[in-house]
Amino acid sequence: MQAQQVRDGFVELYGTEPEGVWSAPGRVNLIGEHTDYNDGFVMPFALPHTAVAAVSRRDDGVLRLHSADIEDGVAELRLDDLAPESDRTWTAYPAGVVWALREAGHAVTGADIHLSSTVPSGAGLSSSAALEVVVALALNDLYELGLQRRQLARLCQRAENVYVGAPTGIMDQTASACCEEGHALFLDTRDLSQRQIPFDLAAEGMRLLVVDTQVKHSHSEGEYGKRRAGCERGAALLGVDALRDIPYADLDAALARLGDDEEAVRLVRHVVTEDERVEKVVDLLKKGETRAIGSVLVAGHASLRDDFRISCPELDLVVDTAMGAGALGSRMTGGGFGGSAIVLADVADVDTITKAVEEAFAAAGFTAPRVFEAVPSPGARRLV
């Protein structure tokens with residue numbers, strides 16, 4: 001239905017049929033937060049919520065962009081005028097992809113694009129990566145560029161880092177481009193090697209809920225960049241290329257070398273222990289001990305809250321309330337400073353936990369959260 005609506009919107013806007021319709025999903029990160037820009041491990045899976053784009057080529061150096069989700073007209077840009085950090089609106093994400101493709105030497109001569117997305121914006125679920133990946137995949141297909149999914153992810157990351165100006169890692173774009181239905185993606189962000197790990201909670205009588213706190217964040221507003229710079233400083237102090245190079249077994253010795261540099265100690269401890277948590281979750285899932293990952297999720301939240309300091313009262317309330325209502329595990333997910341938390345629960349406890357969280361938010365005077373089930377879904381693909 002979404003694909004048909006986007007196709008029809010394209011025809012109404014541009015007066016012709018699109019050459020195709022593509023989709024790319026948002027993602028939930030099961031475990032592995034702020035490890036991707038430290039060359040570490042992450043474990044996202046794709047959501048059923050997607051960005052959908054109807055696209056046709058142009059040969060006149062013009063890019064026309066329109067979103068069904070924003071009350072605005074068609075934005076018309078000249079490809080030769082695209083420049084990093086020149087756009088502070090939503091169009092920076094698709095335009096940045098076109099800029100990155102052309103900067104890499106690919107002969108993209110223009111496009112008409114109409115988009116719509118069901119990925120909640122600002123919820124820590126990678127709505128921006130979904131926009132980038134759906135445009136990249138469409139142009140890769142239409143212009144027969146022959147790029148592999150991991151190459152598209154790299155170009156999309158470059159678009160977000162350089163064109164948009166947000167210092168994000170590679171996880172979000174790779175998840176949107178590469179995830180498979182019914183699986184979580186174990187990704188080594190240093191070499192981009194991947195393993196698809198079966199993750200079928202329904203078959204084991206469990207559910208994973210996403211609780212969108214409705215607290216909006218923006219990665220490009222500074223705090224995310226401060227954490228990344230702090231991690232890079234920690235790596236430099238320890239004489240390694242990235243914090244991924246500090247073995248978990250050597251963590252105490254590494255922290256001792258940092259002395260009384262309290263910030264560096266906190267950031268390094270989070271990243272090294274978080275990489276260990278990702279590997280632990282992979283091991284537990286491979287053994288079929290899915291319920292046991294709950295305590296690992298909770299430990300991850302404590303680390304993000306206390307060491308990385310990127311949680312907020314709403315996220316902490318979700319985790320504390322869910323655990324008190326019988327959840328198996330819970331933690332914040334995404335970049336932090338708002339956004340969403342995940343809750344692992346037995347099917348029989350889902351309604352009780354949901355009600356408890358909603359009542360806790362009401363009692364605290366917070367905006368009512370949005371709660372929905374996260375089902376591991378397919379990555380980016382051509383629909384029409």
Side-chain angles (χ1 to χ4, degrees), residues 1-2 5 23-31 33 44-52 67-71 90 115-131 172 175-176 179 201-202 206-219 221 297-298 300-301 304-305 310-377:
M1 183 179 295
Q2 189 185 6
Q5 289 173 343
S23 77
R27 65 97 188 96
V28 160
N29 192 22
L30 182 62
I31 193 73
E33 221 65 79
F45 64 87
L47 288 167
H49 305 73
T50 58
V52 174
S67 170
D69 310 315
I70 297 171
E71 293 184 7
W90 73 271
L115 291 146
S116 181
S117 179
T118 59
V119 185
S121 177
L125 304 175
S126 299
S127 58
S128 59
L131 282 181
D172 296 349
S176 187
C179 279
L201 293 175
M206 286 176 281
R207 296 287 187 272
L208 191 78
L209 304 178
V210 174
V211 181
D212 177 3
T213 65
Q214 308 283 353
V215 178
K216 303 301 180 185
H217 68 80
S218 174
H219 285 163
E221 283 183 355
L297 302 184
V298 174
H301 182 78
L304 290 163
R305 180 192 65 212
I310 58 170
S311 190
C312 65
E314 292 86 351
L315 289 168
D316 293 341
L317 185 60
V318 174
V319 174
D320 293 344
T321 304
M323 295 306 296
L328 299 168
S330 182
R331 74 171 189 92
M332 60 155 285
T333 187
F337 314 106
S340 298
I342 56 174
V343 179
L344 179 68
D346 285 311
V347 172
D349 296 327
V350 165
D351 290 343
T352 299
I353 293 167
T354 300
K355 182 180 179 182
V357 170
E358 291 172 344
E359 290 178 346
F361 268 57
F366 295 152
T367 301
R370 178 187 179 204
V371 184
F372 59 91
E373 183 182 351
V375 180
S377 300

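As a basis for the values below, the full set of heavy atoms in this structure was taken, side chains included, without hydrogen atoms, waters or symmetry mates.
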key: Residue pair Val343 / Ala327: nearest heavy atoms and the distance that separates them   = CG1-CB, 3.7 Å
Counterpart residues, side-chain hydrogen bond (donor to acceptor under 3.5 Å, both in side chains), relative to Ser311 (two or more places apart) = Asp316
Residues that Thr118 engages under side-chain hydrogen bond (donor to acceptor under 3.5 Å, both in side chains), provided they are two or more places apart = none
note = Heavy-atom closest pair (Ser23 atom, Val52 atom, distance to 0.1 Å) is CB-CG2, 3.9 Å
Residues which pass side-chain hydrogen bond (donor to acceptor under 3.5 Å, both in side chains) with Arg207, listed by chain and number, not counting sequence neighbours = Glu373
inquiry  = Just to verify, what does Thr50 make a side-chain hydrogen bond (donor to acceptor under 3.5 Å, both in side chains) with, not counting sequence neighbours?
reply    = Gln2
ask   = Which atom names give the shortest non-hydrogen contact between Ala374 and Val210, and what distance separates them?
value = CB-CG2, 3.7 Å
query = Side-chain contact, heavy-atom cut-off 4.5 Å: Asp212 with Pro369?
reply = no
message = Any side-chain to backbone donor/acceptor pair from Thr321 onto Ala356? Under 3.5 Å, distance only.
response = no
task = Specify the closest pair of heavy atoms between Val347 and Met206, including all atoms of both residues, with the distance to one decimal.
result = CG2-N, 3.8 Å
query = Nearest heavy-atom pair of Ala364 and Leu317: which atoms, and what distance?
reply = CB-CD2, 4.1 Å
key: Ser67 side, atom OG; Trp90 side, atom CH2 - distance, nearest 0.5 Å   = 5.0 Å
Could you pull out all donor-acceptor pairs under 3.5 Å where a side-chain atom in residues 119-127 meets a protein atom, sequence neighbours excluded?
residue : atom : partner : partner atom : Å
Ser126  : OG   : Arg27   : NE           : 3.2
Ser126  : OG   : Arg27   : NH2          : 3.4
Ser126  : OG   : Asp172  : OD1          : 3.2
Ser126  : OG   : Asp172  : OD2          : 3.2

query = Do Leu201 and Leu344 have side chains that get closer than 4.5 Å, going by heavy atoms?
reply = yes
task = Enumerate the residue pairs fulfilling salt bridge (Lys or Arg N to Asp or Glu O under 4.0 Å) with a member in residues 363-372, sequence neighbours excluded, ordered by first and then second residue.
result = none
ask   = Who passes side chain to side chain contact (heavy atoms under 4.5 Å, CB included) against Ala68, sequence neighbours left out?
value = His114, Ser116
ask   = Nearest 0.5 Å, what's the CE-CG distance between Met332 and Asn29?
value = 9.5 Å
request  = Look up atom CG in Leu208 and atom CD1 in Ile342, then write down how far apart they are to the nearest 0.5 Å.
outcome  = 5.0 Å
note = Between Phe45 and Val375 the two heavy atoms that sit nearest each other are CE1-C, 4.2 Å
note = Taken to the nearest 0.5 Å, the spacing of Leu297 CG from Leu30 CG works out to 5.5 Å
query = How many angstroms lie between atom CG of Leu304 and atom NE2 of His301, to the nearest 0.5 angstrom?
reply = 7.5 Å
task = Provide the full list of side chain to side chain donor-acceptor pair (under 3.5 Å) pairs with a residue in residues 330-351, sequence neighbours left out, each pair given once.
result = Glu33-Arg331, Arg291-Asp346
key: Residue pairs passing the ring pair (Phe, Tyr, Trp, His ring centres under 6.0 Å) test where at least one lies in residues 342-364, sequence neighbours excluded   = Phe361-Phe366
query = To the nearest 0.5 Å, what is the distance between CZ (Phe372) and CG (Leu47)?
reply = 5.5 Å
task = May I ask you to test the Ser377-Pro25 pair for a side-chain heavy-atom distance under 4.5 Å?
result = no
